[in-house]
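First the proteins, then the strands, lettered A, B, ... as listed; each starts at 1.
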Amino acid sequence: MKIATFNINGIKARIEALPVWLAEARPDVALLQEIKSVDEAFPREIFEDMGFAVETHGQKGFNGVAILSRLPLEDVSRGLPGDATDEQARWIEATVLGRRAVRVAGLYLPNGNPAPGPKFDYKLAWMARMRARAADLLAAELPLVLAGDYNIIPQPEDAARPDAWVGDALFLPESRAAFRRIMNLGFTDAIRARHPEPGLYSFWDYQAGAWDRNNGIRIDHLLLSPQAADLLADCGIDQDVRGRDKPSDHVPVWVELDA
DNA sequence: ATGGTTGGGTTCCAA
């Protein structure tokens with residue numbers, strides 16, 4: 001089972017590039033972030049015609065997550081528990097029925113800038129809620145993948161220029177500690193485990209020629225429960241996608257599980 | 001050196 005995460009930065013803007021990548025990469029499951037669309041406006045037929053089941057959790061203008069799956073889905077749930085007043089669409093879960101059942105969550109973690117401030121407070125509160133949900137899901141002791149745009153640079157080697165990110169919400173000590181508190185529940189960062197070599201990034205800003213200078217950061221992650229890590233066969237980052245026409249500022253990151 | 005670019009909305013915000 002190949003599971004990919006991809007922040008597409010707008011489904012309307014990626015309506016040509018996304019099907020091209022799906023056809024060549026052939027993920028069984030694609031977890032999308034920043035669809036920037038309400039559910040009713042998501043062009044689901046394009047993906048259904050390619051053989052995908054489509055589940056969206058959208059909102060107007062910003063945020064929004066979705067799951068595309070060639071395998072059957074069940075028990076789909078939308079929204080991160082823990083705050084009934086939170087209206088931002090950043091979390092979706094489903095169980096994927098492959099040779100083994102795998103629970104997946106697609107997430108778009110708040111950016112948090114500027115820090116300090118209310119947006120940073122929201123980021124940290126959201127991460128505390130995510131940790132609680134992750135702990136609940138781990139208790140099932142089944143294969144579980146939490147994948148998406150974490151808006152977290154976990155370590156200095158995950159940035160080409162870590163000095164440029166000092167003071168940014170993606171790299172502040174509080175943000176990285178909150179990420180470690182989730183990791184320390186027992187997750188494996190798939191890319192860190194299999195590809196510890198430096199220079200593997202998943203995001204390059206549109207500005208200042210970041211892609212041409214390889215001034216990137218690794219902020220899109222797939223976290224595996226122990227039961228999912230047991231099944232890890234391969235993983236990678238499709239960096240070449242960033243160099244194509246009309247790219248997102250993120251690229252797909254994926255794992256292959258024996259499931 | 002605090003630049004510049006994209007997307008989705010609307011005359012600006014988020015990233």
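For A:E34, whose side chain is taken as the heavy atoms from C-beta onward, the closest listed nucleotide among B:dT5, B:dA15, B:dA14 is B:dA15. Side-chain atoms of A:K12 lie closest to B:dG9 of the nucleotides B:dG7, B:dG4, B:dG9.
Atom CD1 in A:I217 sits roughly 13 Å away from atom P in B:dA15 (whole-Å rounding). When rounded to the nearest whole Å, the span between CG of A:D212 and C1' of B:dT5 equals 13 Å. To the nearest angstrom, C1' of B:dT6 lies 10 Å from CZ of A:R242. Taking atom CG of A:L109 as the reference point, atom C1' of B:dA15 lies 14 Å away to the nearest angstrom. Between A:I8 atom CD1 and B:dG8 atom P the separation is 9 Å, expressed in whole Å. Atom CG of A:L170 and atom P of B:dA14 are 16 Å apart (whole Å). Atom pair A:Q88:CD and B:dA14:C1' shows a separation of 11 Å (rounding to whole Å applied). Spacing between atom CG of A:D249 and atom C1' of B:dG7 amounts to 9 Å, rounded to whole angstrom units.
Inter-residue side-chain proximity for A:R192 and A:P154 is flagged as met; some heavy-atom pair is nearer than 4.5 Å. When side chains are defined from C-beta on, A:I11 does not count as touching A:K36, because their heavy atoms never get closer than 4.5 Å.
Shown are A:R194, A:R180, A:R218; of these, the salt bridge (Lys or Arg N to Asp or Glu O under 4.0 Å) with A:D189 is made only by A:R218.
Here the separation of B:dG7 from B:dT11, taken at their C1' atoms, is 16 Å to the nearest Å. Between B:dA15 and B:dG4, the distance separating the two C1' atoms is 13 Å to the nearest Å. Taking atom C1' on both nucleotides, B:dA14 is separated from B:dT10 by 14 Å, rounded to a whole Å. Comparing the same atom, P, in B:dT2 and in B:dC13 gives a spacing of 22 Å after rounding to whole Å. Spacing between B:dT5 and B:dG9 at atom P, rounded to whole Å, works out to 22 Å.
Nearer to the 5' terminus of DNA chain B, by closest-nucleotide assignment, is the contact made by A:G61 (compared with the other of A:N113 and A:G61). Between A:N111 and A:R14, the residue whose closest nucleotide on DNA chain B is further toward the 5' end is A:R14.
A salt bridge links A:E55 to A:R78: at least one charged side-chain nitrogen sits closer than 4.0 Å to a carboxylate oxygen.
Residue A:F203 is out of contact with every strand shown, counting any heavy-atom pair closer than 4.0 Å.
Side chain to side chain, A:D168 and A:N113 meet the donor-acceptor criterion of an N or O pair below 3.5 Å.
Regarding contacts with the backbone of B:dG7, a side-chain N or O of A:K246 is found under 4.0 angstrom from either OP1 or OP2. In this structure, A:K119 reaches the B:dA14 phosphate: one of its side-chain N or O atoms is under 4.0 Å from OP1 or OP2.
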